[in-house]
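See structure below.
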Amino acid sequence: MAADRIRHVTLSSVTLPLDVPVSDAKVLTGRQKPMTEVVFLFAEITTDEGRHGTGFSYSKRAGGPAQYAHAKEVAQNLLGQDPSDIGRVYDMLLWAGASVGRSGVATQALAAVDVALWDLKARRAGLPLAKLLGSYRDAVRTYNTSGGFLHAPVEEVKARAAESLASGIGGIKIKVGQPDMREDLRRLAAVREHLGEDVPLMVDANQQWDRHSALRFGRAVEEVGLVWIEEPLDAYDAEGHARLADALDTPIATGEMLSSVPDLIRLIDLRACDVLQPDVPRAGGITPYLKVAALADHAGLQVAPHFVMEIHVHLAAAHPRESWVEHIEWLSPLFDERLTIEDGRMRVPERPGLGLSVADEAAAWCLDAVEFRAPGG
């Protein structure tokens with residue numbers, strides 16, 4: 001039987017505005033401006049048999065146009081390929097853009113295509129992506145981040161945390177890393193008192209501290225019972241994270257900013273964290289994510305993927321060690337479907353593939369699109 005082949009690829013650049021500008025520690029310390037939008041690269045792939053898959057990657061503040069430009073340069077290579085051969089196709093696209101390397105924009109652009117191929121493969125099998133990969137569970141623990149940013153007064157953070165828990169969310173994460181660490185400690189103490197001792201609580205410093213400040217904060221909050229301290233140091237300071245993880249009882253989480261397999265493997269090799277947080281779009285797609293997740297499991301680490309819960313709910317369900325999936329609802333306007341959350345857990349969609357269809361309203365946020373067709377397609 002002849003293999004099905006890719007005959008049509010559409011790439012789209014979509015800018016999604018946020019309802020409220022978002023600020024974390026990098027904003028309060030002058031490193032960045034408040035985030036007002038998220039830019040997406042969408043890839044839609046169709047085969048000769050009419051099978052289709054949709055994937056996406058994203059960027060915050062910068063990089064969206066670069067991802068789109070790189071994807072346009074290599075997408076022609078997809079035409080005529082067997083979409084089931086995801087690993088081979090991925091390597092082919094890496095070599096098509098070899099001169100710009102295998103990290104950053106180069107692989108983030110490929111992530112949209114890679115996710116689309118996995119979505120297509122699962123749709124063809126009539127299975128949710130989690131089931132195609134091999135599920136360990138049908139629902140995963142979930143925590144909310146979007147209510148805990150630093151632009152919000154602490155009373156608002158407390159109120160939104162309570163709302164999240166009432167809606168079925170299982171844990172709460174708040175941002176820290178302000179210029180005055182004492183203010184972080186006050187906000188954290190207020191939130192913990194408001195939620196009680198039994199609610200899982202995480203903090204995220206967004207790379208704000210040096211090694212001494214991170215250690216001082218970690219020691220100050222040991223009795224708070226945090227699930228983890230996230231990104232206390234520069235994302236590329238693997239040695240510093242390793243020292244911190246060794247010095248503190250509170251688990252250390254990091255990895256979301258790293259955009260290559262070797263950088264993530266270095267965290268694993270150095271035991272630089274207790275919880276690894278790879279991000280499918282940033283790390284280059286599901287194909288490299290699976291390699292890293294397998295190594296993390298071998299090393300005994302939890303894997304708690306960052307952002308894009310719409311993708312990561314499937315991967316967390318198919319990972320041997322249960323951890324957490326981050327709930328941020330920003331992407332909801334892009335899709336017709338909503339994830340079901342109850343009893344502290346996010347359910348894996350039962351629909352084939354990722355279980356997503358792009359909403360008609362998303363067309364209003366599309367800045368540009370380009371199509372590639374096989375001859376006669």
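- Counted by atom type alone, Gln302 and Ser323 present one or more donor-acceptor pairs between their side chains at under 3.5 Å.
- In the model, Ser57 has a side-chain atom that pairs as donor or acceptor with a side-chain atom of Gln67 under 3.5 Å.
- Between His327 atom NE2 and Ile169 atom CD1 the span is 4.5 Å, to the nearest 0.5 Å.
- Residues Pro305 and Val280 form no side-chain contact, since every pair of their non-hydrogen atoms from C-beta on lies 4.5 Å or further apart.
- Aromatic ring pairs are classed by plane angle as parallel below 30°, tilted from 30° to 60° and perpendicular above 60°; the pair Phe42 and Phe40 is tilted.
- Grouping the Ile, Leu, Val, Met, Phe, Trp and Tyr side chains by contacts below 4.5 angstrom, directly or via other members, places Leu356 with Leu132.
- Leu110 and Met257 fall into different hydrophobic clusters, where Ile, Leu, Val, Met, Phe, Trp and Tyr are joined by side-chain heavy atoms under 4.5 Å apart, directly or via other members.
- Remark: Lys173 engages Glu230 in a salt bridge, criterion side-chain N to carboxylate O under 4.0 Å.
- Within a 6.0 Å radius of CD in Glu350, other residues, nucleotides and ligands contribute 12 heavy atoms or fewer.
- The cationic group of Lys60 lies under 6.0 Å from the six-membered ring centre of Phe307 and within 45° of the ring axis, placing it in a cation-pi geometry.
- Looking at heavy atoms from C-beta onward, Ile252 lies in side-chain contact with Pro232 at the 4.5 angstrom threshold.
- Side-chain contact between Thr142 and Met309 is absent, with no heavy-atom pair separated by less than 4.5 Å.
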task = Give the intermediate values and the outcome of salt bridge (Lys or Arg N to Asp or Glu O under 4.0 Å) for residues Glu239 and Arg266.
result = CA-CA 9 Å; Glu239 292 86 353; Arg266 189 159 180 261; 2.2 Å; yes
request  = Evaluate side chain to side chain donor-acceptor pair (under 3.5 Å) for Ser59 paired with Gln108, printing each intermediate quantity in order.
outcome  = CA-CA 9 Å; Ser59 61; Gln108 290 165 1; over 6 Å; no
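- Between Lys131 and Asp138 there is a salt bridge, since a side-chain N of the basic residue sits under 4.0 Å from a carboxylate O of the acidic one.
- Two residues are said to be in side-chain contact when any heavy atoms from C-beta on lie closer than 4.5 Å; Val20 and His151 meet this criterion.
- Distance CG/Leu244 to CG/Asp274: 9.5 Å, rounded to 0.5 Å.
- Put simply, the side chain of Arg345 gets close to the backbone of Ala139: a donor and an acceptor are under 3.5 Å apart.
- Both Leu41 and Phe335 belong to a common hydrophobic cluster when Ile, Leu, Val, Met, Phe, Trp and Tyr are linked at side-chain heavy-atom distances under 4.5 angstrom.
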request  = Go through the steps to decide whether Leu201 and Val227 satisfy the test side-chain contact (heavy atoms from CB on, under 4.5 Å), and finish with yes or no.
outcome  = CA-CA 6 Å; Leu201 182 62; Val227 177; 5.8 Å; no
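- A donor atom on one side chain and an acceptor atom on the other are found under 3.5 Å apart for His8 and Glu371.
- In this structure, a donor-acceptor pair under 3.5 Å is absent between the side chains of Glu37 and Thr15.
- Side chains of Val313 and Val140 form a contact here, defined as non-hydrogen atoms less than 4.5 Å apart.
- Residues Arg88 and Gln81 bring a donor and an acceptor atom of their side chains to less than 3.5 Å of each other.
- Annotation for Tyr289 and Pro278: closest pair CE1-CG, 3.4 Å, computed over non-hydrogen atoms.
- The pair Lys158-Glu156 fails the salt-bridge criterion, with no side-chain N (NZ, NE, NH1 or NH2) lying under 4.0 Å from an Asp/Glu carboxylate O.
- Here the rule is side-chain contact (heavy atoms from CB on, under 4.5 Å) with Arg187, and of Val203, Val176, Val154 only Val154 fits it.
- Using a 4.5 Å cut-off between side-chain heavy atoms of Ile, Leu, Val, Met, Phe, Trp and Tyr, with links allowed through other members, Val308 and Val39 fall into different hydrophobic clusters.
- Open room surrounds NZ on Lys33; 12 or fewer heavy atoms of other groups in view lie less than 6.0 Å from it.
- Taking the six-membered ring for Trp, Tyr90 and Trp118 have ring centres at least 6.0 Å apart.
- The existence of a salt bridge linking Lys175 and Asp184 is excluded, since no basic side-chain nitrogen approaches an acidic carboxylate oxygen closer than 4.0 Å.
- In this structure, Arg321 and Arg137 approach most closely via the heavy-atom pair C-NH2, 4.1 Å.
- Atom CZ of Arg243 is surrounded by 12 or fewer heavy atoms from other residues, nucleotides or ligands within 6.0 Å.
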message = For a side-chain contact (heavy atoms from CB on, under 4.5 Å) check, start with the C-alpha distance between Ile174 and Asp204, then their side-chain angles and the critical distance, and finish with the verdict.
response = CA-CA 6 Å; Ile174 68 169; Asp204 183 358; over 6 Å; no
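- The distance from the CG atom of Leu248 to the CG atom of Leu215 is 5.5 Å, given to the nearest 0.5 Å.
- In terms of heavy-atom proximity, Glu256 sits nearest to Glu231 at CG-OE2, 3.5 Å.
- Closest of all the heavy-atom pairs between Leu233 and Ala214 is CD2-CB, 3.7 Å.
- Atom CZ of Arg219 is surrounded by 12 or fewer heavy atoms from other residues, nucleotides or ligands within 6.0 Å.
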task = Begin with the C-alpha distance, continue with both residues' side-chain angles, and end with the deciding distance and a verdict on side-chain contact (heavy atoms from CB on, under 4.5 Å) for Ile265 and Asp263.
result = CA-CA 5 Å; Ile265 290 176; Asp263 284 334; over 6 Å; no
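- Between Glu163 and Arg160, none of the side-chain N atoms (NZ, or NE/NH1/NH2) sits under 4.0 Å from a carboxylate O, so this pair counts as no salt bridge.
- Transitive grouping of hydrophobic side chains (ILVMFWY, heavy atoms separated by less than 4.5 Å) brings Ile311 and Leu117 into a common cluster.
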message = With side chain to side chain donor-acceptor pair (under 3.5 Å) as the criterion, how do Thr254 and Gln277 come out once you've worked through the C-alpha distance, each side chain's angles and the decisive distance to 0.1 Å?
response = CA-CA 5 Å; Thr254 192; Gln277 297 180 300; 5.5 Å; no
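- When side chains are defined from C-beta on, Leu133 counts as touching Leu290, because their heavy atoms get closer than 4.5 Å.
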key: From CA spacing to verdict: side-chain contact (heavy atoms from CB on, under 4.5 Å), Thr54, Leu354   = CA-CA 9 Å; Thr54 300; Leu354 294 174; over 6 Å; no
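- Here the straight-line distance linking atom CD1 of Ile6 with atom CZ of Phe372 works out to 12.5 Å at 0.5 Å rounding.
- Side-chain N/O atoms of Tyr58 and Asp279 include a donor and acceptor closer than 3.5 Å.
- Trp365 is listed as a side-chain neighbour of Leu334, based on a closest heavy-atom distance under 4.5 Å.
- Salt bridge Arg182/Asp180: present, at least one basic N to carboxylate O contact under 4.0 Å.
- The minimum heavy-atom distance between Gly284 and Asp114, with the atom names listed, is O-CB, 4.3 Å.
- Using a cutoff of 4.0 Å between basic side-chain nitrogens and carboxylate oxygens, Glu310 and Arg338 are not scored as salt-bridged.
- The closest side-chain heavy-atom distance from His314 to His312 is not below 4.5 Å.
- Contact between Pro320 and Asp297 at its shortest, heavy atoms only, is CG-OD2, 3.7 Å.
- In this pair, Trp228 and Tyr143 present their aromatic rings perpendicular. The plane angle is above 60°, beyond the 30 to 60° band.
- Between Asp4 and Arg124 there is a salt bridge, with a side-chain nitrogen of the basic residue lying less than 4.0 Å from a carboxylate oxygen of the acidic one.
- Under the 3.5 Å distance criterion, with hydrogens and angles disregarded, no donor-acceptor pair is assigned to the side chains of Asp368 and Ser13.
- With 3.5 Å as the limit, one finds a donor-acceptor pair spanning the side chains of Glu222 and Thr250.
- Around NZ of Lys72, the count of heavy atoms belonging to other residues, nucleotides or ligands within 6.0 Å exceeds 12.
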